[in-house]
Amino acid sequence: MIGELSLPMLIASVLAASAPLIIIALGETLAEKSGVINLSLDGVVLFAAMAAFVVAKETDSLLLGFLAGGCAGMLTGVIVGYFSIYLHLSQVAVGFALSLLCRDLAYFLGNPYSRIQGPTMLSSKLPFYDSLPSSLQIILSQPLTVWLALLLVAIIYYFFSFSKAGLNLRSVGENPAASFARGLNPAKIQMLAVLGGAFLVGIGGAAYSLSLKPGWGRPQGAEGIGWIGLALVIFGGWNPIRVALGATLFAFLQVSGIGLQDLFPGIPSQVFQTAPFPLMIFTLIFMHFSTSRSRKQGYSSSRLQRLAGKLFMSRAPKGLGQSYRQE
Amino acid sequence: QSHASADTFIFGLLMVGPANDHGWSQAHFEAGKEIERNIPGSKMIYIDKVNPADRPGVTIPFLVDDLVSKGAKLIIGNSDDMTDGIREAAILHPDIKFIHISGDDALNPDSPENLSNLMGKMEYGQMMAGFAAAMTTKTGKIGYLGPLINDETKRLAASCFLGARYAWTEVLKKDPADLSFKISWIGFWFNIPGVTSDPTQVAKNFFDSGYDVVISGIDTTEALIVADQKKKEGADVAAIPYDYEGACEIAPDACLGVPYFNWYPGYSYFINNIKNNDWKKEWLWLGPNWKDMNNTKKSSISFKNGNALPGDVQTKLAVFAKGLGNESISLFTGPLNFQDKSIFLKEGETATEKQIWNLPQLLEGMDGSSK
Amino acid sequence: MKKLIIDILLGSLLVFSFTSLVLLIAGAPVLDAFKHIWLGAFASSIKISQVLSVWVPLTLCSCGLLFTFRANLWNIGIEGQVTMGAIGAMAVLRIPGIDPTLTLCLAFLTSMLCGGAWGLFAGLLKTRGGVHEIFGGLGLNFVSQGFILWLIFGPWKRPGIASMSGTELLNRKLWLASLPGWRVATAGIIITITILILTWLFLQKSRLGLKLKAIGQNPKAALLYAISPERYYLQSIFIAGSCAGIAGFIQTTGVYHRLIPSISSGYGYLALLLVMLSGYKIVLIPILAFFFASLNVGAIQLPIVLQLDSALAGVIQGCCVLCALFILGIRHDR
Amino acid sequence: MDVEFQHISKNFGQVQALTDVSLTARSSTIHGLIGENGAGKSTLMKILTGYQSKSSGSILLDGVEAQLNNPSQASNLGIGMLYQEPMDFPPLTVLENFSLGTPRQSRQELHFALKTLSIRFGFDLDPDLPVELLTVGERQQIELLRLIHCNIKVLILDEPTTGISPAQKEALFPALKQLAADGLTILLVSHKLEEVANLCSEVTVLRHGKLTHHTAAPFHFPKLLTAMFGFVPKRKDKGSARDKGSPILICKNIEASGERQGLHQCDITVAEGEIIGLAGLDGAGQSTFLRLAAGLISPDQGKVTLFNNSLPHGAKAYIRAQELHTSFIPADRLEESLFAGISLRDHFSLREEHGMFWQSRTRTRQRTEEAITTFSIKGTPEDLAEDLSGGNQQRLLLSLLNRNSRLILLENPTRGLDIQSGQWIWQHLRDELSPDTAIIFSSPELDEILHYSDRIIVFHDGNIVLDSAVADTSHGAIAAAMTGMREGTP
Ligand SMILES: Nc1ncnc2c1ncn2[C@@H]1O[C@H](COP(=O)(O)OP(=O)(O)OP(=O)(O)O)[C@@H](O)[C@H]1O
Ligand SMILES: Nc1ncnc2c1ncn2[C@@H]1O[C@H](COP(=O)(O)OP(=O)(O)OP(=O)(O)O)[C@@H](O)[C@H]1O
Ligand SMILES: [Mg+2]
Ligand SMILES: [Mg+2]
């Protein structure tokens, strides 16, 4: 228990705070599994949050708002995809420039809509809500975005692990030339993955302005989240479930950081706020070292060791960052 | 057509937050508009979001240079954080007058002659806010969303607490031990991601931990928005925003009311002085006009009731305000202890303005960090 | 040459159309907006000197980045390196009782060392810890942000109140002087021009520049020439950090005269864009830095005069880079 | 399905890989395609699968002209290829690799199909293991099974037996024959004449991108070998025979990994003044050996001794080897040994000056100009390395060699060079260097090895199968050793 928050409340808070991040990180996972790094996340999240709020406000429809967020994300996906897959430009350069551009574009275009009341997604009760014990009631009364995030974890896990399309996508990320040899169209698959991923990132952004931190303003409160999303993909070893767990861990750090203020009154509260970011990124070092060790275990003949290895093993798709040029 | 005619008076306003923040900056902005409407020939030029997070690399002297080049004769800086910049600019532009809101540089004999300070006695507003909160809380737990820790914010939080305790013990006749008043400081006047605590999250934590009224001491309206969200989800909670008369509009049904500043009296005082060549360096701390508290021309501080404040509480609040006005209720009167149990005021002793202005720490009974 | 001019014209046209489109969407008067940005940057000598005071840190950061880009490193941690440079400078400036000139010189050196060390840290994370420099750099940016906040709200807070407005003002003797009527520290300009020349010398004339280029192009082959990529990665990122550190020093002593939380002002990120736009050519750096700086300064007019957000400057800057990349892309594709 | 190539030509930029090749492979037969390295066999096959586009010519399937612009079209027409280099996805599991590119099927069905096919061909594959843990041979097995599972009509096998054990071969060959009998058209690319003789009913030989020989069974091996490698050149005068001096490189009992098969039980001693040619099929172990001697890779077992100093392990080894006057020139010039965007002068600057801070323009310029004249490089000191033609890049690399080198390791030194350039380079190597310098080089061209070396070492699947003085062996014996045949067989 952190501060005065009861355990169920803490769980509920963490779940709610992690939902948009999960959606964003899963979107990036999708793109990266196909071999394309979309580095523009940080700006796109804001841009989508702005677009979602503006549309939701104008139409008074949350659904249209979320769609607008997704489309705004997809629009940036088109740029990232076209530049890196078809023009073969550096994915990092394109993503970084786009990230700064989208952020400022969001601030610029969103200015007239800042700090006004708009539609908000409320937490909804489950049908069997009243029959649940009260702690479960607390945990389970969540906005739809939380269920969406959890559903997406399952869907994307299934997609990668069991579906034909997911296998094709992964194969392109590993070795586009071989995929081409087997009759796939790597460029098309990468483009679809980037667009789909960017759509999810947009939905994640919309979840900020329509649910978790309702409203638009500068700052919006989602600044820096895109970078965390990118780090989470590595942290999660490109595995949707681990990525989601990472997002939850980050949300926990953020929620509990407020309570830590009471526990350590000598330390300025600002320090707790910055802490999760470096913590997240320094776990990457840990990942690096544990990966080299667990890679061996991952292939061990003992089932248990294989499982343990899989938990910590992380390896980028082999073709990550390079786009395929047909001869 | 000639915008520089003799009786045009241009004044520049530097606002720390957005002009439409439904809070501190908007209160200043509206006062400036009011000046434009009421003082013939006056014209406001302004720039908002003057803070290093929103406008990285932009300094106060730079903005002042620009406003002066556009003809401004008076510069108003509305943030505590502009202290150094305003002073630097005042030295660079000795023939331009400066008002720094909320500081006390003018009390310092070395400070430039063209720099005055203006502040409102929000202590009274906060007392009323605390009163309203204590009268409505069901759980006896009041949360205070604090900005950063300094003398001003400590005295405001303390005033709020005193108002709440008065309502709890003197009006409701309950045990003071059952009232919990907790402050969570976010680190700045508004959210800066990755730097301050996220006020949305802090307000959520308050409500999730059983606090049913959250009073906002920050310039933006997150507490009210979260309260509204929770209320729509069925929780019986409410919030009190801060600074701006219209703050409740963003979520009227969850709003108990708002203690607000009205800067028009202060602004017009200084502008008239400048026009009459009566300027002098001064430190002005303006309070409510108790007889006509909601009159924008006269009263610098007031409290506006919100939809969520029950009718009977409204009546009792009016009585309370009256008591504050005729000094039959004096809350900064002993016995009062500091948070560390050391004595602030002895039995019967009343604090001086200076003691209140420079309140060193929070009071006994308040929960939260003093430094 | 003719092709280059066509490219530049095409790029400008693209940027201009996109920006106009954005302005139209925002319902703003397009030509007015450009006019006010122009006036805001160049209307008076004071404004030009403001532009120069932004030009200084931008150019410094860009010079540093030329080293890391040449070694094919993405030194995204440059923001943190500016911050650490400023902290290093402040640590020296706080020491009482030394001759001001000496203090300033010491602060200058310390800022270089601190910035460089912070860069080295990111470099070591890459070479030893296997963390890509983008994530290492970002992580260190957040760490430096936490560190400077801790200092400002903790040990270095002003008497009585700790506030986001930073530490107490420096003694005026420790301010970098500017010419009368100018708002930019003369020493800053001189230092920047010196660093520009040194950067040019190092990159074009020294064997270090050549080795960095070799490593950036082909680390595998570098080994055959007995050049250790790890060593030169670290050297280049140390140099970049030092340049950024100097920028932090000037921000502290010449612009803010104190330490503030956002002392780096986003110039590091902006410099990354700038260097990409320049095509990694040093001759273009001072020119483009001046262009970017004038956008930054001029855009302040947008909120004052047209009630628009000044973020338009960032939109134009980002758009310039994307358009330049786009033209590069279609040229290579042909 | 009959496959008919008509006047196929293909060029990669200036490299003419195929010139006017026409041949027909009939259904229900196995058609062999042989030729030395770089003859254009793989290119011809990749054109059939649509993986590479042809420059001119046409392909008829059962007499109808087919559009084969990408692998997808080809596989829809029933054409499948087992690529020479494994075209698979190392981190994915066997089953996933098996299923990629096949029609949609449930996991159970795939599992079952893989299992039955494995049994039929006598392969042993764990469906859940990541492919990267398998040997190249096993990876090719999966691919073969996948193609058969796809019900293709034309099966192209590009070196299918690399890394397959004799026992598996015994299972594979009858199966292939059975497939052909069932109506498949099989195109088999191979270097191994035994296999070709065993399986094929017709054989086509390519040499330098042109069709040089076409014959039906029975085959006359010497004729095939001549068509593959050209005539056996008469030994020209090599100049004075060199004196062997004391040993400078000793490899003892080396086990190392690298290329396809790694190196096994490798024992080589090289003496001063020796010129040794390394022969073998691509990837048989020559490159691994050269890199081992250069200190770029460390052995898993055993010891490399250079000039009586044993090389340390790890990254320091290469530096140490250089200190011991060893130089190495890799085959892939722009990938591994030159900096594409850096000028010739700067290459000299990087190479020659140590411990200096500034570049000295005049000195390195002079040096570069000297080198340009001595090595007749067509270029100026300011030209970028990538702007040089292949031959000139090679000359540049030679000119960058340390002149004090006593052991020179060359990987395919005349790769992509015309005859004149090649001869020039050899003349330079033999005549300009001091006579006690040892040279070890690999080459896919037997002629070159026979012509320039004193001693020949033939690698096969990571083992040394022949080590003898050139004078003591014959062209046929070497060619046979290279194709995996023991000496003495026809
Ligand atoms: N992608 C490419 N780009 C440029 N040149 C190529 C390319 N692929 C092949 N070549 C060249 O085309 C020629 C024919 O190559 P190919 O791979 O068809 O030879 P091969 O007969 O299969 O030889 P091997 O027996 O070594 O496999 C060679 O000279 C080769 O260098
Ligand atoms: N990318 C390039 N840019 C500019 N010039 C080039 C480029 N590639 C080749 N050249 C020039 O074109 C000419 C022909 O090059 P090419 O590689 O065909 O030579 P080549 O006939 O194969 O010679 P060699 O036998 O030495 O390999 C050379 O003079 C070379 O300098
Ligand atoms: Mg081949
Ligand atoms: Mg050539």
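Residue numbering restarts at 1 for every chain, and letters A, B, ... go by the order of the sequence lines.
Residue C:L277 does not touch chain A at all, counting heavy-atom pairs closer than 4.5 Å. A:Y107 touches chain C through backbone and side chain together, each having a heavy atom under 4.5 Å away. Heavy-atom distances place both the backbone and the side chain of A:L230 under 4.5 Å from chain C. Heavy-atom distances place both the backbone and the side chain of A:L105 under 4.5 Å from chain C.
Across A:L109, A:L100, A:V92, the residue that shares the most heavy-atom pairs under 4.5 angstrom with chain C is A:V92. With chain A as partner, the option from C:L270, C:L302, C:L272 having the largest number of non-hydrogen pairs under 4.5 angstrom is C:L272. Listed options C:I316, C:I134, C:L308 were ranked by heavy-atom pairs under 4.5 angstrom with chain A; first place goes to C:L308.
Under a 4.0 Å N-O distance rule, the pair C:R331/C:D7 qualifies as a salt bridge. The pair C:K126-C:E230 fails the salt-bridge criterion, with no side-chain N (NZ, NE, NH1 or NH2) lying under 4.0 Å from an Asp/Glu carboxylate O.
Side-chain contact check for A:E58 and A:Y113: at least one donor-acceptor pair (N or O, by modelled atom type) lies under 3.5 Å. C:N72 and C:Q217 form no side-chain donor-acceptor contact under 3.5 Å, judged by distance and modelled atom types alone. A side-chain donor-acceptor contact under 3.5 Å links C:N296 and C:Q317.
Between C:F69 and C:W74, the ring planes lie perpendicular to each other; the angle is over 60°, past the 30° to 60° tilted range.
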